[in-house]
Structures are given as structure tokens and as C-alpha cells.
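Predicted model, so just to flag it, every value in this text is computed and none were measured. Note that ligands are numbered from 1 as they come in the structure, with each ligand's atoms numbered from 1 the same way. Atom set for the values below is all heavy atoms of this structure, side chains included, hydrogens, waters and symmetry mates excluded.
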Amino acid sequence: MNKIGIIGNPLSHTLSPDIHNSAIKHFGLDLFFKKWELEKKELKEFFLNAKENNVIGGCVTVPHKENVLKYFDFYDDSVKRIGAANWFKIEDDKIFGFNTDYIGFKKSIPDSKLNNLSQLNCVVFGSGGSAKAVVEALFIKNAQNISIINRTFLKAEEIASKYSSSGITSLNLNSIDSIRHEIKNADLIVNTTSVGMSSGPDPDGNLLKGYELKSNVTGIDLVYSPKKTPFLKNISKFGGQAINGIDMLIYQAQAGFEIITGKNCPFEIMKSALKLN
Ligand code: ATR
């Protein structure tokens, strides 16, 4: 039987099997979804044997979205621009890489903000593969002011420097006064870090703690466990719109599943498979 699956490490909390098994069942496909919990050094062998093992594609999660690139024969333009892939497809002995994270993020921005992003001030916390996809989505949607804030400043600087726009800037997480100013004027704030994630290194952490926010701010936390993170509670406290990472997770899955199978699974089918706390 042909296989699809997820590459990552750890995979104990992944919701991807539930999401994709619901889609496989919905279309009655003869496909098996597997979890591939791999170390970086095991990726080479995985991709060498993938075709022989009837693997036709799959998704890629933390920490391998950048590590997998060297095993692909081709990438699409989004992977080239973002520098990370979250899906691959195997066809005619060739491995193709895709990024659907930026599509998922774009779709999870509410229309009220999406339609006038060029007028809005955006703040992105983090500078990993997810942050790169978020910045790309905001850039594509014509956002003119994006501040990227990261603990490791060099990584934020690297992302900002890829774009020729002078409105895309970087800040160090320690630059409290500058961050206060950015946050106070922000219309859209995105957390791409693992701070606040229940299984992560800092589950009670909140990068907005102590800062004043606009009352009509929208906050999107890519974390979805817990459903309401400390970051999102802070957004709500100021009267803003709080959105967790579930919609982005499903939209990126929907786009990836369609690349591999050619089937567009309804959002609600994928969402109903999730049992969330
Ligand atoms: P992903 O692919 O999901 O983006 P990642 O590449 O591991 O995951 O990136 C995680 C991001 O969360 C990074 O920006 C990281 O900051 P560093 O670049 O300084 O490592 C950020 N991050 C993780 N833990 C953090 C913490 N406790 N405080 C602040 N930022 C944190």
C-alpha cells in the first residue's frame, strides 16, 4: 500500500495523523499515514529508501523543515524564497519540495486585516522556519511595515535583509523600549516561537507580558496547545481578536494533501478529526 506521513522529532503531540486519516477516510483512498520520528542523521537513508518503501509524499515539521532541503531534486518557488519546506512529493523517482505554511498562514488572517495589510503595522516574534513563512505571506499580501523580533538577533536580521523593502526591520528581544513602541502601534502580532506551548520549554511564558496593546489588535499564535495561550489571553485582555494556530495547521495540511493526492479535502472534515483541550 502507498504511504504518506510526517517527518519530525518529537512527534508525540502531532495532530497530523488525525487530520490526514480523516481526509483519507473521506475520499476512501488506499493510503496509509505513518509517523517518521527521525534524527537529522537518519534523513538521508529515509529519502534514499522512500520510493522503494512505497512512500509517495509527506509533511515535514520541527526541526527538519530546513534539514530536508538537500535531499530534494526540485523545490517550488515558495521553498526557494522561504528557505524551508513543509511538504514533499515523490514522483518518477524524483523528490519535489513545497511550502504550504505560508498559504496556511495567509488563510488564517481575518479578512478585516488581510484586505488592508499595506496600511497596518505587523509584528512577528521568532525567526525559525515558521517565521520565514509568515513574513513571506505578509510580504506577498503587500504588508509594508513588519518588525521581526527574535532572541537571536542575527536570525531576525537575516530574514529582514532578504527583502528589499525598507519597512521590514529586525529587533532584538532584549530591546524593551523599541519593542514597547512597536507593540503599542501594532495592528497584527504573530507569535511563531514555542513560548507558551504546553509541551514546550516555556509553557507559561508570554512575549507580550508588560506591554500595552491597541484595543483592535489581532493576535495570531501559531501554537495551538493550549487553545488559549498566555499570548492570546493578553490579546483578549486588551479587547483584541485572538486566533490560535489550528486554522493555519489545517489550511497547510489541506494544501499539502491536495499536492500529493489531487484531492481537496473540506476544511471541516479535517477540523472535526481533532480532539482539542
Ligand atoms: P519553527 O520551524 O517552528 O519556526 P524553530 O526553527 O525551532 O521552529 O524556531 C523557533 C523560534 O522560537 C526561534 O525564533 C527561537 O528563537 P532563537 O532563534 O533565539 O532560538 C524562538 N524561541 C524558542 N524558545 C524561545 C524562548 N524561550 N524565548 C524566546 N524565543 C524562543
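- Listed by chain and number, the residues in a salt bridge (Lys or Arg N to Asp or Glu O under 4.0 Å) with Arg151 amount to none (sequence neighbours excluded).
- Aromatic ring centres of Phe96 and Phe88 lie farther apart than the 6.0 Å criterion allows.
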Show me the donor-acceptor pairs, under 3.5 Å and distance only, between side chains in residues 210-222 and residues at least two apart or in other chains.
from   : atom 1 : to     : atom 2 : distance (Å)
Lys214 : NZ     : Asp187 : OD1    : 2.7
Thr218 : OG1    : Lys113 : NZ     : 3.2
Thr218 : OG1    : Gln241 : OE1    : 3.1
Asp221 : OD1    : Asn191 : ND2    : 3.0
Asp221 : OD1    : Val223 : N      : 3.0
Asp221 : OD2    : Thr229 : OG1    : 2.6

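- Side-chain N/O atoms of Ser194 and Asp202 include no donor and acceptor closer than 3.5 Å.
- Every pair passing side chain to side chain donor-acceptor pair (under 3.5 Å) that includes a residue from residues 163-175 is listed here, sequence neighbours excluded: Glu136-Tyr163.
- Contact residues of ligand 1 (protein heavy atom closer than 4.0 angstrom to a ligand atom; sorted by chain and number): Val62, Gly126, Ser127, Gly128, Gly129, Ser130, Asn150, Arg151, Thr152, Lys155, Leu173, Thr193, Ser194, Val195.
- A donor-acceptor pair shorter than 3.5 Å can be found between the side chains of Lys228 and Ser236.
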